[in-house]
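Comments concern the structure below.
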Amino acid sequence: MSGGGEGDNVSMASDLPFLGPRQAMELQEFSRKPRHPRVSRTLGDFLQRFGDSTVDDNPPSHQVFEVDRDYVYQPASMPFVLSFRNLTYSVNVRRKIIPSWFRRSLTNGSSGNMMEEKSGTKVLLNNISGEAREGEIMAVLGASGSGKSTLIDALADRISRESLKGIITLNGEILESKLLKVISAYVMQDDLLFPMLTVEETLMFSAEFRLPRTISKSRKKARVQALIDQLGLRTTAKTVIGDEGHRGVSGGERRRVSIGTDIIHDPIMLFLDEPTSGLDSTSAYMVVKVLQRIAQSGSIVIMSIHQPSYRILSLLDRLIILSRAQMVFSGSPTTLPRFFAEYGHPIPANEDRTEFSLDYIRELEGTPGGTKSLADFNKSWQMKNPRISHTSGPRLSLKDAISASVSMGKLVSGSTNVDSNLSSSVPTFANPFWMEVLVIAKRSITNSRRAPELFGVRFGAVLVTGIILATIFWKLDNTPKGVQERLGFFAFAMSTAFYTCAEAIPVFLLQRYIFMRETAYNAYRRSSYVVSHALMSIPSLLVLSLAFATITYWAVGLAGGTSGFLFFLTFIFASFWSGSSFVTFLSGVIFNVMVAYTVVIAVLAYFVLFSGFFISRDRIPAYWIWFHYLSLVKYPFQGVLQNEFDDPSKCFVRGIQVFDSSPLRAVPDEIKLKLLESMSKTLGMNITSSTCFTTGTDILKQSGVTDMDKWSCLWITVALGFFFRILFYFALLFGSKNKRK
């Protein structure tokens, strides 16, 4: 285990009498300990002692690490200190109000739109100051809407620097946004995980992203195994995360996995937004116990929490209580009784400290003066009771502190020194572009293999559509009716290729917030995700194209033989490619599944309308011709028509067939032949029953698809697919920001 000695393995029977034997055993690794007790070393220490490049690539599933029993957490002589001064943040709000004259007229039966909008400013943080230190947990408390999450976001650089007023420093130096992303991690309130991956796989993929490739595969596995032990997830390591449709780990275990994915690289600072939200008291205690161990391994841990229990409160080192954007208390949890006693409202002996404090603050919020008097008292109390620093000597510079931390095993980056330029000393991304693409692709394959429903639905839709088209348009002939039926087949076939792509809308929408969490702190590049997403779509699109083309081509009786089939297959694949890219782009700019479906179906309907099938290009009004060239369906539809009718020697209307598209089609053939003789005399040319009236070239001209050749149509279709992938990248770049304005 990565625990810190026998102190962790005490019996829970006396400590937690309300638990049964099984639950007590589960909580062995999370028993209460005194302040700053024996704790686990950093994960870097584990690797230095037990993992190197010669470790077996197939380590045992469970390995017990012997840790020095006398190892006691000793903060660095000059530990990290995160200070924040006078943080203020406000947003503009617009609210609708009812004018007083309208309220008076309500009784008189007046009606109409009497709502007015009034602009105002809402303060979310009001002059907040404090500090958090290495080896400690700082918790931000308060009622809903008090500003807890806003303060966490401000410290984690998730609020635009232009909007946030105040100063945030680390070891006395202004913390740059780029550097903060590298040395910190942020755990969101929601557990954003892939449900079909196991706990071990989830952490391993996180290790692949966050740990550099200079660390061997075996060392990464050893790190994951150590982290599983540290998080208390050994018994569920092989269990899938699960979701509503698949049974998986419990809520507390899921939360610990979320934490594990963000601390795999041993960050210096860890921010958490209400990590105990939605958990029962036991699971919440386990989570905070893990956070205590993370802090005592040499990290700054800052979390928001709604109302901690007595046991959780005993694990916290420092509290900040907010009320309506103001700080009404800052200090150690043990000083709460003295604080309220000096304020004039002592906490009763039989009352829970935090419960009393939050309830009393809520009562003050309902008074005319609010909590202003308590906030003012807190400022004066802080001046009379300044926090005493336990360090001696001059404080290390940020560069030296980070360098020392990296050399001791934290902030794994593949190097052991820090350059003078902090922003470039630790790589922005742990791995090169191509490595990120491979890891994302591997994870995508694992997910697809365990959840094949989406591809199965698409394949089934294409298969059924192909069979229906093959049986309806079975062996079309080269008559005028056959020509019209071919045009109908091509129009529907191309439309099918695009409409079946709409079923891929949920793919990114379901992963969107996972993507935002992972890219917020540079787990991988957005470009890597886009390229991997595109590459992973190609095999499935190729299978769909091959299935559809094989079912329909020979069954319908299309022209061209093998070369014609290959070209038809290529156009089907190009259609799937451009359609999939278009849908992927829309899923990057529209966040609601139902809205995305509505937009995709509507736009594809417009593409089909202007493709040239329902109305030829020559007949489209000039003010709509631009949409004809924007239509994604135009180019593959035009290309397959040219592939079918590009043989000028092939005749489709011969002799008396010229009357088939007129009211004279019901006239007996003998009369039709006499009409041909009359036409011959009138026109001065010999027209017989074998005379060809319409060739493939004529059909292309009549359809208005001669403005470009089939190869141009193919390249344009493929290029449009790449174009929408590029737009998808920019949608992710500008549309998935994790900062408030």
Going by the salt bridge (Lys or Arg N to Asp or Glu O under 4.0 Å) test, which pairs reach into residues 548-563, not counting sequence neighbours? none
Derivation and outcome, side chain to side chain contact (heavy atoms under 4.5 Å, CB included), residues S528 and I440: CA-CA 8 Å; S528 302; I440 297 173; 4.2 Å; yes
Rounded to the nearest 0.5 Å, what separation is found between the CE atom of M494 and the OG atom of S631? 12.5 Å
Go through the structure and list residues passing side chain to side chain donor-acceptor pair (under 3.5 Å) with Y635, not counting sequence neighbours. none
Given the rule in the salt bridge (charged side-chain N to carboxylate O under 4.0 Å, His left out) test, do D157 and K181 qualify, once you have shown the distances and angles that lead to the verdict? CA-CA 8 Å; D157 193 38; K181 283 188 175 183; over 6 Å; no
Test side chain to side chain contact (heavy atoms under 4.5 Å, CB included) on V483 and T479 and set out the steps. CA-CA 6 Å; V483 170; T479 63; over 6 Å; no
Please name all residues satisfying salt bridge (charged side-chain N to carboxylate O under 4.0 Å, His left out) with R213, sequence neighbours left out, ordered by chain then number. none
Answer with yes or no after comparing the ring centroid distance for Y524 and F429 against a 6.0 Å cut-off, counting only values under it. no
So do the side chains of S495 and F607 get within less than 4.5 Å of each other, counting heavy atoms only? no
Taking the six-membered ring of F194 as reference, does the cationic atom of R443 (NZ for Lys, CZ for Arg) lie under 6.0 Å from its centre and within 45° of its axis? no
Using the side chain to side chain donor-acceptor pair (under 3.5 Å) criterion, which residues pair with T202? Sequence neighbours excluded. none
Within this structure, what is the CZ-CG distance for the pair F645 and N478, rounded to the nearest 0.5 Å? 8.5 Å
Test item: Y597 and P506 side chains (from C-beta on) under 4.5 Å apart, heavy atoms: yes
Donor-acceptor under 3.5 Å (S712 side chain, M708 main chain): no
Whether S163 side chain and I159 backbone form a donor-acceptor pair below 3.5 Å: no
Main chain of L732, side chain of R526: is a donor-acceptor contact present, judged purely on distance under 3.5 Å? yes
Check the side chains of T198 and E200 for a donor-acceptor pair under 3.5 angstrom, ignoring hydrogens and angles. no
Heavy-atom distance under 4.5 Å between the side chains of L463 and F548, does that happen here? no
Can you pull out every salt bridge (Lys or Arg N to Asp or Glu O under 4.0 Å) where at least one residue sits in residues 613-627? Sequence neighbours excluded, please. R617-D707
Could you state the interatomic distance from CD1 (I620) to CZ (F614), rounded to the nearest 0.5 Å? 12.0 Å
Donor-acceptor contact present, side-chain W554 to main-chain I551, <3.5 Å: no
Applied to residues 480-500, the salt bridge (Lys or Arg N to Asp or Glu O under 4.0 Å) test, sequence neighbours excluded, yields R486-E644
Report yes if some heavy atom in the side chain of T695 is under 4.5 Å from a heavy atom in the side chain of K650; otherwise report no. no
Return the set of residues passing side chain to side chain donor-acceptor pair (under 3.5 Å) with T694 (not counting sequence neighbours), or none when no residue passes. none
Sub-3.5 Å donor-acceptor pair from the side chain of S678 to the main-chain atoms of K674, do we have one? yes
Rounded distance (nearest 0.5 Å) linking atom OG1 of T552 with atom CG of L569: 10.0 Å
Of all heavy-atom pairs between R254 and G242, which one has the smallest distance, and what is that distance? NH1-O, 3.0 Å
May I ask you to decide whether E518 forms a salt bridge with R210, counting only side-chain N to carboxylate O separations under 4.0 Å? no
Could you measure the distance from the OG1 atom of T584 to the CD1 atom of I505? Nearest 0.5 Å is fine. 9.5 Å
Mind checking what makes ring-ring contact (aromatic ring centres under 6.0 Å, His included) contact with F568, not counting sequence neighbours? Y553
On a heavy-atom basis, which atom in D191 and which in S258 lie closest, and how many Å separate them? OD1-OG, 3.1 Å
Residue pairs passing the side-chain hydrogen bond (donor to acceptor under 3.5 Å, both in side chains) test with at least one member in residues 444-467, sequence neighbours excluded, are E201-R450
Please work out which of the three classes, parallel, tilted or perpendicular, describes the rings of H533 and F728, given edges at 30° and 60°. tilted
Checking the side chain of N431 only, and the main-chain atoms of F209 only, is there a donor and an acceptor separated by less than 3.5 Å? yes
Can R525 be said to sit on top of F433's aromatic six-ring, NZ or CZ under 6.0 Å from centre and within 45° of the ring axis? no
Using atom types as modelled and distance alone, determine if a side-chain donor or acceptor of S578 lies under 3.5 Å from a backbone N or O of S575. yes
For S587, enumerate each residue passing the side chain to side chain donor-acceptor pair (under 3.5 Å) test, keeping only those at least two apart in sequence or located in another chain. none
Does H265 reach the side chain of Y521, with side-chain heavy atoms less than 4.5 Å apart? no
Can you list the steps and then say if V556 with W474 is a side chain to side chain contact (heavy atoms under 4.5 Å, CB included)? CA-CA 5 Å; V556 176; W474 180 263; over 6 Å; no
Closest non-hydrogen contact found for A502 with V600 is CB-CG1, 3.7 Å
Keeping S532 on the side-chain end and A441 on the backbone end, is there a donor-acceptor pair under 3.5 Å? yes
Return the minimal non-hydrogen interatomic distance between S581 and R725, and the atom names on each side. OG-NE, 2.9 Å
Does the side chain of W577 come within less than 4.5 Å of F722's, by heavy atoms? yes
Is there side-chain contact between F613 and V608, with heavy atoms separated by less than 4.5 Å? no
Qualifying ring pair (Phe, Tyr, Trp, His ring centres under 6.0 Å) pairs, either residue in residues 681-713, two or more places apart: F567-W711
Are any of the side-chain heavy atoms of L197 and V240 separated by less than 4.5 Å? no
Taking T717 for the side chain and C713 for the main chain, is one N or O donor matched with an acceptor at less than 3.5 Å? yes
Polar side-chain atom of D190 near backbone of L192 as donor-acceptor pair, under 3.5 Å: no
Interatomic distance, L487 atom CG to L476 atom CG [nearest 0.5 angstrom]: 10.5 Å
Where do S580 and L541 land on the side chain to side chain contact (heavy atoms under 4.5 Å, CB included) test, with the steps shown first? CA-CA 9 Å; S580 176; L541 298 181; 4.1 Å; yes
Sequence neighbours excluded, which residues qualify as salt bridge (charged side-chain N to carboxylate O under 4.0 Å, His left out) partners of E208? K217, K220
